[in-house]
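Naming convention: chains lettered A, B, ... in sequence-line order (proteins, then strands); numbering from 1 in each chain. Excluded from the calculations below are hydrogen atoms, water molecules and symmetry mates; all remaining heavy atoms, backbone and side chain alike, are included.
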Number of protein chains: 2
Amino acid sequence: MPKRRKPAGARGISEKKELLNTFLKEWGLKSTRQRDIIVTEFLKTGGHITAEDIYRKISKKHQDIGFTTVYRTLKLLVKSRLATERVFADNLTRYEPLSAEDHHDHLICLGCGSITEFENARMERLQEKIARESGFNTVAHKMELYGYCGRCGSGSRGGKKQPGTKKNAPAPQKNRNNR
Amino acid sequence: MPKRRKPAGARGISEKKELLNTFLKEWGLKSTRQRDIIVTEFLKTGGHITAEDIYRKISKKHQDIGFTTVYRTLKLLVKSRLATERVFADNLTRYEPLSAEDHHDHLICLGCGSITEFENARMERLQEKIARESGFNTVAHKMELYGYCGRCGSGSRGGKKQPGTKKNAPAPQKNRNNR
DNA sequence: ATGCATGCAAATCCTTTGCAACGAA
DNA sequence: TTCGTTGCAAAGGATTTGCATGCAT
């Protein structure tokens, strides 16, 4: 019943870039080489990516693009409603492409750090119901399931770690600074 | 159906302090005046409290207790399993008393910043089911509903703010540093 | 030419650590 | 006396900001 979502951002990259350009024009903002590179990389990757991920990827080819610009561009994407920010248990801000009325939650593997999206209508309804019964008016929700994916088993075997640095490994508690 | 939980920590403060002392003894750790003060305040307040909240409260009477000690004591409570850490959308680490097999989620008001706990068995079952169907082995979950409580209405009226500083107001996006 | 964008360095913010002085056992 | 504790100051780490310079429009 929970339906796995198709990888966001796989299709329609150029359409999204078009949307961004429209947004920029409307607000009298400028379209620059850096923004194009960053946005392209962001859309190509698809989702759940940190500012540092993007910075690392693009700085191989473009050593002249600064960390700051990556952050600023990502914020810009959020403002233009092409992306949303998410913070999982590792306390790193991740960005993912936003497709309008997109509404989904996450399964996060504590073994390999992979993040899988899912959506479940029954869950949504239940959330609404709970909120209503408490006199709440829901604006947003956040639901994350932490555990071990099929590949990583129950955690005893450890699973295969992703190549990234420590920052890519979500921790049961918090492993970042923890800032 | 969602059942509101009774305010944790209202009862059994001395029993909990006893548990902590036992823990300290078992590990060859020491029982100090500062720890006692901090833990008492923590248990008295009940839950969803930040290190700064506690620091502010106790430093009125005890100007000699440092921020660092508050942090360290809170971490100690987590290790001794008397408390858990939680991070909501404002990115501040909050602590709440842990009663063994406690399992609940949160409703967070964007108006007044109040945090209400709830638990719902159907929700738990649904979460398990979703995880299982995706080949996941769930270890923990996190579910937060953001919105406006009965008192704060739909947000247009703003609601009554809590006395605290800006840090007490959860933001739709993030309002802390952010970090 | 304007004025938004960029990059660097410096600043923030929360949280943690190093270290010398303290104090519980 | 012996170590764990404390407080302060400083370090850390992710993210943001100030400012002079650069570059779309």
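- Residue A:Arg35 places at least one side-chain N or O under 4.0 Å from the OP1 or OP2 atom of C:dA5.
- Of the inter-residue distances, the one linking B:Phe42 atom CZ with B:Ile58 atom CD1 reads 12.5 Å to the nearest 0.5 angstrom.
- Atom CG of A:Asp36 is separated from atom C1' of C:dT6 by 16 Å (rounded to the nearest Å).
- Sequence order on DNA chain D of the closest nucleotides to A:Phe67 and A:Leu29 puts A:Phe67 first from the 5' end.
- Atom C1' of nucleotide D:dT15 and atom CG of A:Leu74 are separated by 12 Å, given to the nearest angstrom.
- Of the candidates B:Arg94, B:Lys79, B:Lys75, B:Glu85 forms a salt bridge (charged side-chain N to carboxylate O under 4.0 Å, His left out) with just one, namely B:Lys75.
- Taking only distance into account, the side chain of A:Lys30 never meets the base of D:dC23 through a donor-acceptor pair shorter than 3.5 Å.
- Taking atom CG on A:Leu24 and atom P on C:dG3, their separation rounds to 18 Å, with Å as the unit.
- With C:dA25, C:dA9, D:dT25 as the choices, the nucleotide that has an atom nearest any side-chain atom of A:Ser31 turns out to be D:dT25.
- Ring centroids of B:Phe88 and B:His106 are separated by less than 6.0 Å, placing the two rings close together.
- Of the side-chain N and O atoms in B:Thr32, one or more sit less than 4.0 angstrom from OP1 or OP2 of D:dT6.
- Ranking C:dC14, D:dA14, D:dG7 by closeness to the B:Leu92 side chain, first place goes to C:dC14.
- Between B:Ile37 atom CD1 and C:dG23 atom P there is a gap of 14 Å when expressed in whole angstrom units.
- The line from CZ of A:Phe23 to OG of A:Ser31 is 13.0 Å long, rounded to the nearest 0.5 Å.
- The interatomic distance linking B:Asp64 (CG) with D:dC8 (C1') rounds to 13 Å, in whole Å.
- In terms of phosphate contacts, B:Thr93 brings a side-chain nitrogen or oxygen within less than 4.0 Å of OP1 or OP2 of C:dT15.
- The one candidate from B:Thr69, B:Thr40, B:Leu24 that meets the side-chain contact (heavy atoms from CB on, under 4.5 Å) condition with B:Arg35 is B:Leu24.
- Across the protein-nucleic acid pair, B:Tyr55 atom OH and C:dT15 atom C1' stand 15 Å apart, rounded to whole Å.
- We find that NZ of B:Lys25 is positioned 8 Å from P of C:dA25, with the value rounded to whole Å.
- Within the structure, every side-chain polar atom (N or O) of B:Gln34 is placed at least 4.0 Å from both OP1 and OP2 of C:dG23.
- Comparing B:Gln63 and B:Trp27 by the nucleotide of DNA chain D whose heavy atom lies nearest to each, the residue mapping closer to the 5' end is B:Trp27.
- Closest to the A:Arg72 side chain, of the nucleotides D:dG7, C:dC8, D:dT5, is C:dC8.
- B:Arg86 and B:His104 make their closest contact through NH2-O, 3.7 Å (heavy atoms, listed as atom of the first residue, atom of the second, distance).
- Close to C:dT16, at under 4.0 Å from its OP1 or OP2, lies a side-chain N or O of B:Lys75.
- Considering only side-chain atoms of B:Thr69, the nucleotide from C:dG7, D:dT6, D:dC8 that sits closest is D:dT6.
- Distances shorter than 4.0 Å separate none of the side-chain N or O atoms of A:Tyr71 from OP1 or OP2 on D:dT16.
- Counting to the nearest Å, the C1' atom of C:dC8 and the CD1 atom of A:Ile65 are 15 Å from each other.
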